[in-house]
Amino acid sequence: MSKPQNTPRLIRQGARRRVKILLIAACALMLFMSLGLVNHLLIMRSSAREPVDTFLVLGGSIRREIYVSQLATEYPQIPIIISKGSDDPCIVKLFERNKTPSQGVWLEKCANSTFGNYMFSQPLLTQWGARHVKILTSDTHLPRAQWMAKIMLGAHGIWPEMELVEESGIPGNTESLIKTILDLSRAILWAFFSQIWQPSCSDIVHLPEVDMASWCVNGFTCEYQGELIPNPYAIRKSAEVTADL
């Protein structure tokens with residue numbers, strides 16, 4: 001039996017229907033994300049009037065961690081996220097040296113850029129119900145870090161307030177117009193799509209739970225500006241290498 005003459009037309013009609021359904025679904029999704037974004041931006045404006053409820057440290061210099069360990073002595077009730085900072089035991093020693101409570105300190109270790117700092121910290125901030133976050137960074141990180149914070153955190157109703165930590169020496173990051181444009185572009189895209197999907201970091205460490213014994217066995221190094229007692233393992237290892245030479 002021969003196929004009906006109108007089979008190709010039915011196939012085309014079916015394809016058009018599927019395309020139409022996909023377009024409607026895409027428009028509905030964009031509308032949903034836009035409404036969520038607008039709602040969070042309105043919340044962000046009111047969050048600016050609330051007191052600071054979280055400290056977020058952008059990794060890149062141990063001086064920022066020194067500063068937050070001192071700041072935490074004045075505000076022990078405010079939780080802290082240190083995003084991709086120094087080695088865990090260095091941060092432990094800083095808090096011990098200042099006799100600062102570490103119960104509210106969390107180390108986020110998934111980020112490898114400023115974009116990652118915000119992308120992986122935001123879900124934790126939202127989980128805590130944070131509304132006004134003080135971000136500790138350096139003036140060499142501006143204005144890119146500030147603009148990205150307003151976009152990426154503001155998209156979730158969080159007001160970012162920058163606090164600049166004085167640095168010495170050569171900064172670990174370099175700023176450029178191209179870098180700023182690229183980062184702001186992906187921050188804007190993320191602000192939309194994070195309304196429906198947010199990545200979570202699988203490597204978050206509670207500071208009191210840092211395994212110091214394991215770190216001492218494997219060795220660690222801290223920035224000299226931290227002025228911390230050297231790791232005995234590192235000293236012993238250095239002596240062994242020198243002896244071999």
Say you draw a straight line from CG of Leu125 to CZ of Phe120; how long is it, rounded to the nearest 0.5 Å? 13.5 Å

Nearest heavy-atom neighbours spanning Leu94 and Leu228: CD2-CD2, 3.9 Å

Residue pair Leu189 / Ser185, side-chain heavy-atom distance below 4.5 Å: no

How long is the straight-line distance from CD of Glu74 back to OG1 of Thr100, given to the nearest 0.5 Å? 10.0 Å

Between the CG atom in Asp183 and the CE atom in Met152, the distance rounded to the nearest 0.5 Å is 9.0 Å

Sub-3.5 Å donor-acceptor pair from the side chain of Gln122 to the main-chain atoms of Leu153, do we have one? no

Side-chain contact test, heavy atoms from C-beta onward, threshold under 4.5 Å: evaluate it for Thr126 versus Ile158 and give yes or no. yes

Would you say that Ile78 contacts Asp53 through its side chain, given a criterion of any heavy-atom pair below 4.5 Å between the two side chains? no

Distance from Leu71 atom CG to Ile80 atom CD1, nearest 0.5 Å? 7.5 Å

Do Met148 and Leu182 belong to the same hydrophobic cluster, where Ile, Leu, Val, Met, Phe, Trp and Tyr are linked whenever their side-chain heavy atoms lie under 4.5 Å apart, directly or via other members? no

Run Asp87 and Cys90 through side-chain contact (heavy atoms from CB on, under 4.5 Å) and show every step you take. CA-CA 5 Å; Asp87 283 349; Cys90 302; 3.9 Å; yes

Would you mind reporting whether Ser138 and Leu164 have side-chain heavy atoms less than 4.5 Å apart? no

Mind checking the OG-CG spacing from Ser83 to Leu136? Nearest 0.5 Å is all I need. 12.0 Å

So, Ser69 versus Glu65: side-chain donor-acceptor pair below 3.5 Å or not? no

Closer than 4.0 angstrom, basic N to acidic O: yes or no for Arg131 and Glu50? no

Between Trp190 and Phe115, is any pair of side-chain heavy atoms under 4.5 Å apart? yes

Point-to-point distance, once rounded to the nearest 0.5 Å, from CG of Asp211 to CG of Asn218: 9.0 Å

Any ion pair linking Asp88 and Lys109 (charged N to carboxylate O, less than 4.0 Å)? yes

Hey, are the side chains of Arg64 and His141 touching, using non-hydrogen atoms and a 4.5 Å cut-off? yes

Strictly distance-based, threshold 3.5 Å: is any side-chain N or O of Ser121 a donor or acceptor partner for the main-chain N or O of Tyr118? no

Exercise: identify the closest heavy-atom pair between Pro123 and Pro199: CG-O, 3.3 Å

Positive for side chain to side chain contact (heavy atoms under 4.5 Å, CB included) with Leu107, one of Asp203, Ile81, Val92, Ile82: Ile82

Other residues, nucleotides and ligands only: do more than 12 of their heavy atoms fall within 6.0 Å of CD on Glu166? no

Quick one: are Cys110 and Lys84 in side-chain contact, heavy atoms under 4.5 Å? no

Parallel, tilted or perpendicular, judged at 30° and 60°: which one describes the rings of His206 and Trp106? parallel

Polar side-chain atom of Arg144 near backbone of Glu175 as donor-acceptor pair, under 3.5 Å: no

Determine whether Phe95 and Leu207 make a side-chain contact, defined as any pair of heavy atoms from C-beta on separated by less than 4.5 Å. yes

Give a yes or no on whether the backbone of Ala111 and the side-chain of Glu108 come within a donor-acceptor separation of less than 3.5 Å. yes

For Trp128 and Pro79, work out which heavy atoms get closest and say how close. CZ3-CB, 3.6 Å

Least distance between heavy atoms, Ser61 atom then Glu167 atom: OG-OE1, 2.7 Å

